[in-house]
Amino acid sequence: MLAFVGSNSSKSINEQLTKSVLKELNVTHTFIDLKTLDIPLFSEDLEREIKSPKGIVSLKDQIEAFEHIFITTNEHNGNLSAFFKNIIDWLSRADKSFLQGKKVFILSTSNGKRGGLGANESLQKMIERFGCEVYESYAFSSFSENFNKETQQITNKDFLQEIDNKLNRILKS
């Protein structure tokens, strides 16, 4: 399974949650830190000049190598962050079908009760146009109440069990 997080925050709660889920559920995975990729802000002028940034080419190659994709999205004002939307824009310009045939799990979290649901739903609608099937999604609500930042563990075991059930369904598909 390939995993990545759509946040560029050095203290991203979405990244903390993702790494915890993958570790606690012992999921075999490759994690790509999107923050380390050198990806400029998309523009048609820049696209004509460079075609695709090296970071996008590398990410697209990694996506192609995996059947299952685990994406965690953060939420800004009820939608995807500009950082993550930019990456999706570049990927879709490099190959409109960059997710063709992929089985995707989408996770989101926030400190609110909706758990980043707006961004989660926006991402689902957006990426299905690129050929994937969103098998499962989960909005992890009230992050600070359900996650121990010191131990980097999920304290709400019902949430962890639900995520485990959803991940098992996608991995067995």
Side-chain angles (χ1 to χ4, degrees), residues 1-8 12-34 37 39 42 56 58-110 112-143 146-147 154 156 158-173:
M1 174 170 275
L2 180 67
F4 52 87
V5 178
S7 173
N8 62 346
S12 169
I13 61 175
N14 285 278
E15 186 171 327
Q16 291 175 56
L17 178 61
T18 299
K19 288 180 175 180
S20 175
V21 164
L22 296 170
K23 182 179 179 183
E24 289 187 56
L25 298 179
N26 198 29
V27 177
T28 302
H29 68 281
T30 296
F31 182 83
I32 296 179
D33 186 348
L34 299 180
L37 303 178
I39 302 173
F42 177 82
I56 289 298
S58 173
L59 179 58
K60 189 173 113 16
D61 289 347
Q62 286 288 320
I63 289 170
E64 285 177 7
F66 288 85
E67 178 182 5
H68 300 99
I69 312 293
F70 184 109
I71 304 173
T72 305
T73 183
N74 57 327
E75 184 176 75
H76 288 180
N77 296 320
N79 214 325
L80 304 178
S81 67
F83 170 78
F84 193 37
K85 174 70 168 64
N86 183 58
I87 290 172
I88 293 170
D89 288 345
W90 274 112
L91 283 167
S92 70
R93 295 298 284 227
D95 180 359
K96 190 74 168 172
S97 300
F98 73 95
L99 288 171
Q100 186 67 45
K102 304 302 176 187
K103 298 170 185 169
V104 177
F105 177 83
I106 298 174
L107 179 65
S108 62
T109 193
S110 73
K113 295 204 182 297
R114 290 176 34 91
L117 184 61
N120 193 310
E121 290 174 341
S122 292
L123 183 59
Q124 286 179 53
K125 289 176 188 170
M126 180 184 300
I127 66 173
E128 286 176 343
R129 294 185 308 209
F130 307 126
C132 71
E133 183 172 349
V134 176
Y135 266 69
E136 295 289 347
S137 68
Y138 190 79
F140 187 98
S141 64
S142 306
F143 177 80
N146 295 298
F147 189 87
I154 297 168
N156 186 322
D158 290 337
F159 284 9
L160 184 60
Q161 184 60 55
E162 192 167 346
I163 294 168
D164 187 33
N165 292 341
K166 289 175 177 281
L167 274 175
N168 279 324
R169 278 196 290 273
I170 188 174
L171 291 171
K172 290 178 182 175
S173 62

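Around atom CG of Asp61, more than 12 heavy atoms belonging to other residues, nucleotides or ligands sit under 6.0 Å away. With a 6.0 Å radius and a threshold of 12 heavy atoms from other residues, nucleotides or ligands, Asn26 has its CG atom at or below the threshold.
For the side-chain contact (heavy atoms from CB on, under 4.5 Å) criterion with Thr109, the lone passing option out of Asn146, Asn74, Ile13, Asn120 is Ile13.
Under the 4.0 Å criterion applied to side-chain N and carboxylate O atoms, Asp89 and Lys85 are assigned as salt-bridge partners. One finds a salt bridge joining Lys19 and Glu15 here, because a Lys/Arg side-chain nitrogen approaches an Asp/Glu carboxylate oxygen to under 4.0 Å.
Between the side chains of Thr30 and Gln62, not a single donor N or O lies within less than 3.5 Å of an accepting N or O.
At distances below 3.5 Å, not a single donor-acceptor pair connects side-chain atoms of Ser20 with backbone N or O atoms of Gln16. Between the side chain of Asn168 and the backbone N or O of Asp164, at least one donor-acceptor pair lies under 3.5 Å. Here the side chain of Glu24 pairs a donor or acceptor atom with the backbone of Ile154 at under 3.5 angstrom.
At least one side-chain heavy atom of Ile163 sits less than 4.5 Å from a side-chain heavy atom of Phe140. At a threshold of 4.5 Å between non-hydrogen side-chain atoms, the residues Phe4 and Phe84 count as touching. Between Ile56 and Leu91, some side-chain heavy-atom pair lies under the 4.5 Å cut-off. Counting heavy atoms from C-beta outward, Asn8 and Leu34 have side chains that stay 4.5 Å or more apart. Inter-residue side-chain proximity for Lys96 and Phe130 is flagged as met; some heavy-atom pair is nearer than 4.5 Å.
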Can I get a per-line list of side-chain donor-acceptor pairs under 3.5 Å for residues 64-73, giving both atom names and the distance, sequence neighbours left out?
unit_1 : atom_1 : unit_2 : atom_2 : d
Glu64  : OE2    : Lys60  : NZ     : 2.6
Glu67  : OE2    : Lys103 : NZ     : 2.8
His68  : NE2    : Ile170 : O      : 3.0
Thr72  : OG1    : Thr18  : OG1    : 2.5

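Under the 6.0 Å distance and 45° angle rule, Lys166 does not count as a cation-pi partner of Phe105.
Between Val104 and Ile127 the shortest heavy-atom distance is CG1-CD1, 3.8 Å.
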